[in-house]
K.L.:
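Sending over a structure as structure tokens; questions will come in a sec.
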Amino acid sequence: MTKITAKQVKELRDMTGVGMMDAKKALVEVEGDMDKAVDFLREKGLSSAAKKADRIAAEGMTATYVDGNTAAIIEINAETDFVAKNEKFQVLVDTVAKAVVAGKPTNMEEANAIEVDGKTIADLIVDATNVIGEKISFRRFELLTKTDADAFGGYVHAGGRISVLTLVEGSTDEEVAKDVSMHVAAINPKYISREDVSEEEYKHEEKIQTEIALNEGKPANIVEKMIAGRMNKYLAEISLNDQPFVKDGDQKVSDYVGSKGGKVANFVRFEVGEGLEKRQENFADEVAAQMGN
């Protein structure tokens, strides 16, 4: 058996971008022949996936899946929004969402290790990268659990551009929970109630509003009363319970849910690519690069 050195492994990794174990396995398979090792990795689809690893994947899909008292919301990214319309990609998203609910992972490492028909989710992502031809990335997930006395409501907007999962306690009416999810998708509240806002965030906003009022030339003796009113408005704008219900602006969300015997216990809103660097295309630079300039 040919001895494989650390230098050979490093060289193959540098050439292909694959992991150390994959590089070593390839070299063992071809008895140390570097060119054959590259071909071996390409044939296995590992090399091409690795070469896509530095690309920006900020498009893709979000999705929700509910099974009994467990529900998941996930985001899987790709490089272009066109891929979200790809049937293979949509099947992948659906498969991962169901696997996450079944596997109940506590972190991304556990999620990626979940097996589906003999392959891990991480393997499925690599396979999809090779088949679809873009970098695919399983970015995040969240799991919610409930009792038989509660309800989940999932809502997916614009083909998975935005997904929301809501848990309503004290009511089994799934339509109510779905209505709340639709509201969250549209209005994007930060918190369930104003009590959830941290003192630090409150003080920060209060300081900003004070400076605004003073810069408007308001008398110092009435600024305090103005700030109280503005902070009340601010808290109402970012708190789900205080917001006018999107389907009926005459009542607050908390009033709507309360009229059905429930209260919102949790919600999770995923929007594709939020917080990620977006690809910046420059047509002139692209043409110049293709012409060798």
Side-chain angles (χ1 to χ4, degrees), residues 62 64 66 69 71-73 75 140-147 149-157 161-275:
T62 61
T64 66
V66 176
N69 287 339
I73 181 170
E75 179 182 357
R140 55 180 174 164
F141 76 91
E142 281 201 37
L143 280 171
L144 297 183
T145 58
K146 69 175 185 66
T147 70
D150 310 321
F152 286 132
Y155 176 69
V156 179
H157 178 72
R161 193 75 196 170
I162 298 171
S163 286
V164 181
L165 188 61
T166 297
L167 167 59
V168 170
E169 290 183 344
S171 171
T172 58
D173 192 333
E174 294 178 358
E175 285 303 310
V176 172
K178 183 177 179 181
D179 281 344
V180 175
S181 286
M182 292 174 65
H183 174 98
V184 171
I187 308 302
N188 195 16
K190 292 181 66 175
Y191 304 100
I192 295 175
S193 71
R194 59 178 61 203
E195 286 75 24
D196 298 326
V197 180
S198 69
E199 183 178 357
E200 180 183 6
E201 180 173 349
Y202 183 92
K203 293 294 185 184
H204 177 74
E205 182 64 25
E206 186 178 47
K207 180 182 177 185
I208 292 174
Q209 292 298 335
T210 300
E211 290 297 324
I212 291 173
L214 291 173
N215 289 336
E216 290 173 349
K218 306 296 183 184
N221 62 333
I222 69 166
V223 165
E224 186 176 344
K225 292 182 179 179
M226 287 181 57
I227 298 310
R230 290 185 179 185
M231 288 307 298
N232 184 61
K233 181 181 179 183
Y234 169 74
L235 292 173
E237 286 175 347
I238 64 174
S239 304
L240 172 66
N241 283 339
D242 285 345
Q243 292 175 343
F245 182 40
V246 74
K247 281 190 170 183
D248 180 4
D250 292 333
Q251 61 178 336
K252 296 178 181 179
V253 172
S254 59
D255 295 332
Y256 167 67
V257 179
S259 70
K260 307 297 182 179
K263 68 174 183 177
V264 178
N266 202 354
F267 72 84
V268 185
R269 182 185 190 274
F270 282 179
E271 184 168 349
V272 170
E274 58 190 346

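Each residue takes its place number in the sequence, starting with 1. Keep in mind that the numbers below use all heavy atoms, side chains included, and drop hydrogens, waters and symmetry copies. In this text, all values refer to a predicted model and were calculated from it rather than measured experimentally.
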K.L.:
Does the distance from a Lys or Arg side-chain N to an Asp or Glu carboxylate O, for E216 and R230, drop under 4.0 Å?
P.N.:
yes
K.L.:
Which value, rounded to the nearest 0.5 Å, describes the distance between D248 atom CG and S259 atom OG?
P.N.:
9.5 Å
K.L.:
So does I162 get a backbone contact from the side chain of H157, meaning a donor-acceptor N/O pair under 3.5 Å?
P.N.:
no
K.L.:
S163 and T64: which non-hydrogen atoms are nearest, and at how many Å?
P.N.:
CB-CG2, 4.0 Å
K.L.:
What's the separation between atom OG1 in T210 and atom CG in N215, rounded to the nearest 0.5 Å?
P.N.:
10.5 Å
K.L.:
Among I187, D196, V197, find the one that has a side chain to side chain contact (heavy atoms under 4.5 Å, CB included) with I238.
P.N.:
V197
K.L.:
With a 4.5 Å cut-off on side-chain heavy atoms, are H183 and K247 touching?
P.N.:
no
K.L.:
List the steps, then state whether side chain to side chain contact (heavy atoms under 4.5 Å, CB included) holds for N266 with L144.
P.N.:
CA-CA 8 Å; N266 202 354; L144 297 183; 3.3 Å; yes
K.L.:
Does the pair Q243 and K252 meet the rule for a side chain to side chain contact (heavy atoms under 4.5 Å, CB included), with working shown?
P.N.:
CA-CA 5 Å; Q243 292 175 343; K252 296 178 181 179; over 6 Å; no
K.L.:
If you compare all heavy atoms of P244 against all heavy atoms of G249, which two are closest, and at what distance to 0.1 Å?
P.N.:
CB-O, 3.8 Å
K.L.:
Just checking E211: does its CD atom have more than 12 heavy atoms from other residues, nucleotides or ligands closer to it than 6.0 angstrom?
P.N.:
yes
K.L.:
Report the residues that fulfil ring pair (Phe, Tyr, Trp, His ring centres under 6.0 Å) with F245, sequence neighbours left out, ordered by chain and then residue number.
P.N.:
Y256
K.L.:
Just how far is it from atom CD1 of I227 to atom CD of E205, taken to the nearest 0.5 Å?
P.N.:
9.5 Å
K.L.:
Working to the nearest 0.5 Å, report the span between NZ of K225 and NZ of K218.
P.N.:
14.5 Å
K.L.:
Run the salt-bridge test on K190 and E237 with the 4.0 Å N-O cut-off and return the result as yes or no.
P.N.:
no
K.L.:
Kindly determine whether D150 and V168 satisfy side chain to side chain contact (heavy atoms under 4.5 Å, CB included), including the steps that lead there.
P.N.:
CA-CA 6 Å; D150 310 321; V168 170; over 6 Å; no
K.L.:
Please indicate whether E200 has more than 12 foreign heavy atoms, meaning atoms of other residues, nucleotides or ligands, lying under 6.0 Å from its CD.
P.N.:
no
K.L.:
Determine whether V264 and L167 satisfy the following criterion, side chain to side chain contact (heavy atoms under 4.5 Å, CB included), listing intermediate values before the conclusion.
P.N.:
CA-CA 6 Å; V264 178; L167 167 59; over 6 Å; no
K.L.:
I'd like to know if the side chain of R161 and the backbone of E271 have a donor-acceptor N/O pair within less than 3.5 Å.
P.N.:
no
K.L.:
Has E201 got a side-chain atom pairing as donor or acceptor with S198's backbone, closer than 3.5 angstrom?
P.N.:
no
K.L.:
Which pair of heavy atoms, one from S193 and one from S239, lies closest together, and at what distance?
P.N.:
C-OG, 3.5 Å
K.L.:
Output the distance between atom CZ (F267) and atom OG1 (T166), rounded to the nearest 0.5 Å.
P.N.:
7.5 Å
K.L.:
Could you state the interatomic distance from CE (M226) to CE (M231), rounded to the nearest 0.5 Å?
P.N.:
13.5 Å
K.L.:
Which heavy-atom pair separates F152 from A177 by the least distance, and what is that distance?
P.N.:
C-CB, 3.5 Å
K.L.:
Among D179, L240, V180, exactly one meets side chain to side chain contact (heavy atoms under 4.5 Å, CB included) together with V257. Which residue is that?
P.N.:
V180
K.L.:
Can a salt bridge be assigned to the pair E142 and R140 using a cut-off of 4.0 Å between side-chain N and carboxylate O?
P.N.:
no
K.L.:
Would you say the side-chain atoms of R194 and N241 include a donor-acceptor pair closer than 3.5 Å?
P.N.:
no
K.L.:
Identify the heavy atoms of A71 and V66 that sit nearest to each other, and give their distance.
P.N.:
CB-CG2, 3.7 Å
K.L.:
Between T147 and N69, which heavy-atom pair has the shortest distance, and what is it?
P.N.:
O-OD1, 3.7 Å
K.L.:
Would you find more than 12 non-hydrogen atoms of other residues, nucleotides or ligands less than 6.0 Å from E174 atom CD?
P.N.:
no
